[in-house]
There are 2 protein chains.
Amino acid sequence: MANNAVFAEVASLAGDPGRAGMLHALMDGRALTATELARVAGITPQTASGHLARLTVGGLVAVEKQGRHRYHRLASPAVARMLESIMQVAADTAPPRKAFVGPRDQALRAARTCYDHLAGNLGVALADALVTRGHIELTSDAGIVTDTGTALFDTLGIDLDATGKRKGRMLCRPCLDWSERRPHLAGSVGAALCKHCMSEGWIKHVDGSRAVAITVKGQRKFREVFGIGSVG
Amino acid sequence: MANNAVFAEVASLAGDPGRAGMLHALMDGRALTATELARVAGITPQTASGHLARLTVGGLVAVEKQGRHRYHRLASPAVARMLESIMQVAADTAPPRKAFVGPRDQALRAARTCYDHLAGNLGVALADALVTRGHIELTSDAGIVTDTGTALFDTLGIDLDATGKRKGRMLCRPCLDWSERRPHLAGSVGAALCKHCMSEGWIKHVDGSRAVAITVKGQRKFREVFGIGSVG
DNA sequence: TAGATGCTTCGGTCAAGGCCGAAGCATCGC
DNA sequence: GCGATGCTTCGGCCTTGACCGAAGCATCTA
């Protein structure tokens, strides 16, 4: 079955440490240059270039040329979901690893973006708050925004209609967090919420990583709106 | 970051043609012996044995000893979802491949199991029927069983409560079909439906593959209950 | 036009791992 | 017990591909 070969090729593309590092870095949804990706993956630019070429023809990465820079990003949300699910399994497999959490790791666990939505301690706390306040309902399979949730998002100025084709009820997707092992909010609703937090200046990206920092304004807002205390 | 290495290892485990073939075969949710898996993957038993050992320590496969047989199955639903998502990306990447669909491929496209739920032409047709009749609502992110849907499943004798912790609304998960490129019904609801079809004798597994055949009784039932004509 | 910067291609080295044949254990049936 | 069957381990062959240094191309700046 030829299909099988394609499957193996896609999986093996993600199965190299160098490429895995680059894909990991791209999981924040932004587009990065080859040199940046080489640095985070700990390889030389020419090696990264070869990897990126393979990832591009393999359909995992899309590249956009801009002057002398070439910006690379994940080719589709489907790729992001695939990486998420691999991280999921990897987290299950992973050793206890209690000790040795570097500061960088620490920041990632506190709050990070997961392609287009929020994850980490903050992401889980937000999902928890929304659930306990009755704004959303979540199972391991799916989620729904309740009427009060819709109202809340409306007052916050989050446009759910724009992101997903709304028809009657608003559905959303839970995403099991690899660091917290509990679900956070993904899908179009999660993306809209993340985008809102970002544009309102409640959170901002830390240097060139997926980690995000909560601003002072964010601390206040998260407390006021969602009743979330100190996070991270 | 040590985490990255685990990620790459998990992905590379799925990234070998031999292992991919075996994992693909295990996607029907059943447990198979090493020899059976070797045959479907087209490798010798001793090679398969080595692969299976790696898959086991890697946490992708669980093994159960029974007499002189050792039955292998996917270690968790998370692994199944990971494989699904890889197939998803692989299908996007895949060439047009219009010609050259073997009879085996044909059967898979008509109807197959996807770990614990139904996929292929039949799976999509079922999802379509349930949606157009207002029994479920689906987006790309999530799904919900309506009141009439709950009633329908009740009269059919499908116990939704047993599979997922029911709390008020019943949520379910859509799963994009790699052959049809449209969503079919997954999650606990999809699993319950598939289990019901199987136990009622509406469908049955074809030899040792993921393909399922619709029985005569099934043809009648699918028409009566869901209004689905000839499928496949 | 000249130099700096980002990126890719080329060439060669080298380690990882997939593959099988043969042999070794375990378990079942008789 | 004894052979048959399922599976694993061992040893050796061989392909794949990851890696980097050096050089080449493209684009921006001055």
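Throughout, a chain's letter reflects where its sequence line sits, starting with A, and its residues are numbered from 1. Atoms considered below: every heavy atom in the structure, side chains included; atoms not considered: hydrogens, waters and symmetry mates.
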- prompt: What is the distance, rounded to the nearest whole Å, between atom NE2 of B:H69 and atom C1' of D:dC7?
  reply: 11 Å

Minimum-distance nucleotide to B:R54 side chain [options: C:dG17, C:dC7, C:dC20]: C:dG17

field: Short side-chain N/O contact from B:T47 to OP1 or OP2 of C:dC19, under 4.0 Å
entry: no

message: Between B:Q66 and A:T33, which residue's closest nucleotide on DNA chain C lies nearer the 5′ terminus?
response: A:T33

task: Over all heavy atoms of both residues, which pair between A:S12 and A:R19 is shortest? Give the atoms and the distance, please.
output: O-NH2, 3.1 Å

field: Phosphate OP1/OP2 of C:dT8 contacted by A:R70 side-chain N/O (<4.0 Å)
entry: yes

query: To the nearest angstrom, how far is B:L52 atom CG from C:dG17 atom P?
result: 17 Å

- prompt: Within this structure, what is the CZ-to-C1' distance between A:R19 and D:dG17, rounded to whole angstrom?
  reply: 9 Å

task: In whole angstrom, give the distance that lies between atom CD of A:E64 and atom P of C:dC7.
output: 14 Å

- prompt: Any side-chain N or O of B:R68 less than 4.0 Å from the OP1 or OP2 oxygen of C:dG29?
  reply: no

message: Would you say B:K65 places a side-chain N or O within less than 4.0 Å of OP1 or OP2 belonging to D:dG6?
response: no

task: Specify the separation, in whole Å, of atom CD1 of B:I43 and atom C1' of D:dT8.
output: 14 Å

query: Using 30° and 60° as the class limits, which term best fits the ring planes of A:H184 and A:H117: parallel, tilted or perpendicular?
result: tilted

field: Between B:D141 and B:T139: side-chain donor-acceptor atoms closer than 3.5 Å
entry: no

- request: Please report, rounded to the nearest Å, how far the P atom of C:dG21 is from the CD atom of B:Q46.
  value: 7 Å

message: Check this one for me: any side-chain N or O of B:T44 less than 4.0 Å away from OP1 or OP2 of C:dC20?
response: yes

A:G67 vs A:G18, nearer the 5' end of DNA chain D by closest nucleotide: A:G18

query: Can you tell me if B:S179 and B:R112 form a side-chain donor-acceptor pair at under 3.5 Å?
result: yes

message: Between C1' on C:dG18 and NE2 on B:H51, what's the gap in Å once rounded to a whole number?
response: 6 Å

Interatomic distance where CZ belongs to A:R39 and P belongs to C:dG6 [whole Å]: 11 Å

task: With rounding to the nearest 0.5 Å, note down the distance linking CG in B:D92 to CE in B:M87.
output: 11.5 Å

